[in-house]
Amino acid sequence: MKRVGLFLLPLGLFLFIVVFLLQGLFSDPREIESSLLEQPVPEFRLPDVMDASIEYGPEVFEGELTLLNVWGTWCVTCAIELPFLTELRQQGVRIVGLYYEQNMDPDFGGKSLPQIRADIDRTLSQLGNPYVFNIFDESRDTSMDFGVTGAPETFLIDRQGKVRLHHVGDLNERVWQAKFLPLYQELSQ
Amino acid sequence: MIRLLWVMTLLLPLYASAFEEVYGFNNEQQRQLFKELTEELRCPKCQNQNIADSDALVAQDLKRKVYQLVLEGKDKTQVIDYMRVRYGDFVYYQPPINFATLFLWLVPVVFIIGSVGMVVWRRRNAATELDTALIAKAEKLLNNDKTQENNP
């Protein structure tokens, strides 16, 4: 009996460590649960990137199921997901862009607004335009309120204006099918 | 030419330190608080760096926000809470004690208690084992003596 115990104890410990480390191999350290989940979107008041006279606030999410996609023309991965997002738009998904420019940052050297608009026009005409409109977060304060760590990131926001899903990284067919679609279908009913 | 390049390379660290202090403070406490906070807040983009070390855009933004909040006279917990609301417990290098992290504190305690218990248990068992062996040996000797006494 004692012999068996002496044999089983290290074996059990070994198996436990193996399982623990094995799941560590396949876990994505970038998967941090957003603290905004199930919370209403943070307060903001920002202009349209193309037309500074148009202003948006949290009310743009009310009544419509929306994907909020954080992006920029400087962001390589965003360019990769644009065609897929455009496909989604053609299927009837409402996508709003939260645009920010890292070149507006004094640390990175300036870039003028007309230049940004020209870049956006060029990028969207080349790769497809999935956006109903783009909110311009110049100071990146709203991005910070959303807990954005970089671009691209995508939020699923329900009709009540609550954040239901936060995805860090590009949105592709696989992610859409596995992560978004079940919840999206449930919420769109 | 190459020598000139060498000299310029050697001078590079001077440039680096010249750009270091871009934030101005009202007093020394604020400077200290800013330093402390940027060293203890974790960059959400680059995982194993604090925001003082990281050059990621989000780390720059967090630093600027920390600076703003410190200038506004917010204390340490207020700044940390501000970041926690947005980036979760992940953003601070000191995790709170809750259900998910409880085992971090419990495992060492359980391990210490377990190993002390194990040592005590083994020592007691070894002692009794020794005792029975000694007793058996002693009894044998005693019996030997008795038989020798009976058969002189």
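In the text below, chain A, chain B and the rest are named by the order of the sequence lines, each starting its count at 1.
A:Y56 pairs with exactly one of A:N134, A:L46, A:D48 by the side-chain contact (heavy atoms from CB on, under 4.5 Å) rule, that one being A:D48.
Between B:Y23 and B:F25, the ring-plane angle classifies as tilted under the 30° and 60° cut-offs.
In terms of heavy-atom pairs under 4.5 angstrom with chain A, the leader among B:K65, B:R84, B:M83 is B:K65.
Applying the disulfide bond (SG atoms under 2.5 Å apart) test to residues at least two apart or on different chains, the pairs with a partner in residues 44-77 of chain A are A:C75-A:C78.
Looking at residues two or more places apart in sequence or on another chain, you find a side chain to side chain contact (heavy atoms under 4.5 Å, CB included) between A:R45 and A:E55, A:P58, A:E59. By the salt bridge (Lys or Arg N to Asp or Glu O under 4.0 Å) test, A:E87 is found to be paired with no residue, residues two or more places apart in sequence or in another chain being considered.
At a 4.5 Å heavy-atom cutoff, the contact between B:Y87 and chain A is made by backbone and side-chain atoms alike. Using a 4.5 Å cut-off between heavy atoms, B:V85 touches chain A through its backbone atoms (N, CA, C, O) alone.
Between the CD atom of A:E38 and the NZ atom of A:K162 there is a distance of 7.0 Å, given to the nearest 0.5 Å.
Listed by sequence position, A:G147, A:V148, A:T149, A:G150 are the residues of residues 147-154 of chain A in contact with chain B, using a 4.5 angstrom heavy-atom cutoff.
Taking the six-membered ring for Trp and the full ring otherwise, the centers of A:W71 and A:Y100 sit at least 6.0 Å from each other.
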